[in-house]
Enquirer: 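The structure that follows is given in the form of structure tokens.
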Amino acid sequence: MAAVCETREDATDERLRPLKVPIRPDQVFESAREMVDDLDGWEVVASDAAARVLTCRKRGGFLAGTATITIRCEGPDGLPSTVVHVRSTTKGGVLARDRTLLLDFLTPFHRRVC
């Protein structure tokens, strides 16, 4: 069974809502890519610049399993308006850290782009 956590508009914790920034989507996507490179233990396994989607992996060891994190930067081309959605899915292990992984990315990313 897989554990899943993703940003949602109705999340009670505002840090887990989609991040809205007044920056062009292509710039936010590049910042997200740089942020993943800065995070310990995270690796980019796929990058689609045209769709502005990053697929990342974070190995958590035996107890936490391996998480797949998808980061989508949505917004109109050329306009300074982007919404960042993050989803984490963990397979294997007995402990799911998906909520923590979202915050591991979103907290420093918020500081970087806001």
Side-chain angles (χ1 to χ4, degrees):
M1 186 167 164
V4 177
C5 185
E6 62 188 335
T7 54
R8 298 184 340 245
E9 287 293 339
D10 63 345
T12 54
D13 185 340
E14 69 180 40
R15 298 173 304 161
L16 294 173
R17 294 182 189 149
L19 180 60
K20 299 171 184 172
V21 293
I23 304 172
R24 290 190 348 236
D26 57 328
Q27 292 175 315
V28 176
F29 176 77
E30 286 305 316
S31 291
R33 171 94 171 141
E34 292 170 4
M35 182 86 251
V36 170
D37 290 341
D38 292 344
L39 293 172
D40 188 38
W42 287 52
E43 65 178 313
V44 174
V45 293
S47 176
D48 184 343
R52 299 182 201 102
V53 176
L54 288 172
T55 304
C56 310
R57 181 179 10 224
K58 168 80 166 115
R59 288 185 171 87
F62 172 73
L63 292 177
T66 299
T68 300
I69 303 104
T70 305
I71 303 165
R72 288 182 295 122
C73 302
E74 298 178 343
D77 287 332
L79 294 178
S81 176
T82 305
V83 179
V84 180
H85 301 275
V86 184
R87 175 185 176 97
S88 177
T89 305
T90 300
K91 293 183 181 180
V94 292
L95 300 174
R97 298 186 52 230
D98 297 293
R99 181 179 189 278
T100 301
L101 290 173
L102 261 62
L103 293 173
D104 285 351
F105 174 79
L106 287 167
T107 301
F109 191 63
H110 182 272
R111 288 191 302 262
R112 184 174 284 207
V113 297
C114 291

Enquirer: Heavy atoms only: give me the nearest Ile69-Arg57 pair and the separation to one decimal.
Expert: CD1-C, 4.5 Å
Enquirer: Looking only at non-hydrogen atoms, find the nearest pair between His85 and Thr7 and report the distance.
Expert: CA-OG1, 3.5 Å
Enquirer: For a quick test of reading the model, state the closest non-hydrogen atom pair linking Met35 to Arg112 and the distance between them.
Expert: N-NH1, 3.3 Å
Enquirer: Less than 4.0 angstrom from a charged side-chain N to a carboxylate O is my criterion; do Asp104 and Lys58 meet it?
Expert: no
Enquirer: Taking side chain as C-beta onward, heavy atoms only, is Arg33 less than 4.5 Å from Leu54?
Expert: yes
Enquirer: Looking at every non-hydrogen atom in both residues, tell me the closest pair between Cys56 and Trp42 and how far apart they are.
Expert: CB-CE3, 4.1 Å
Enquirer: Could you tell me whether the side chain of Val36 reaches within less than 4.5 Å of the side chain of Ile71, counting heavy atoms only?
Expert: yes
Enquirer: Just to verify, what does Pro25 make a side-chain contact (heavy atoms from CB on, under 4.5 Å) with, not counting sequence neighbours?
Expert: Arg52, Thr82
Enquirer: Listed by chain and number, what are the side-chain contact (heavy atoms from CB on, under 4.5 Å) partners of Gln27, not counting sequence neighbours?
Expert: Ile23, Arg24
Enquirer: Just jot down the side-chain contact (heavy atoms from CB on, under 4.5 Å) partners of Glu14, sequence neighbours excluded, or say none.
Expert: Arg17
Enquirer: Examine Leu39 and Leu19 and state if one hydrophobic cluster contains both, with Ile, Leu, Val, Met, Phe, Trp and Tyr joined whenever side-chain heavy atoms are less than 4.5 Å apart.
Expert: yes
Enquirer: Nearest heavy-atom pair of Pro18 and Val83: which atoms, and what distance?
Expert: CB-CG1, 3.6 Å
Enquirer: To the nearest 0.5 Å, what is the distance between CD on Glu74 and CZ on Phe29?
Expert: 13.0 Å
Enquirer: Indicate the atoms forming the closest heavy-atom contact of Leu16 with Ala11, along with that distance.
Expert: O-CB, 3.8 Å
Enquirer: Between Val53 and Val44, is there shared hydrophobic-cluster membership here, with clusters defined by ILVMFWY side-chain heavy atoms closer than 4.5 Å?
Expert: no
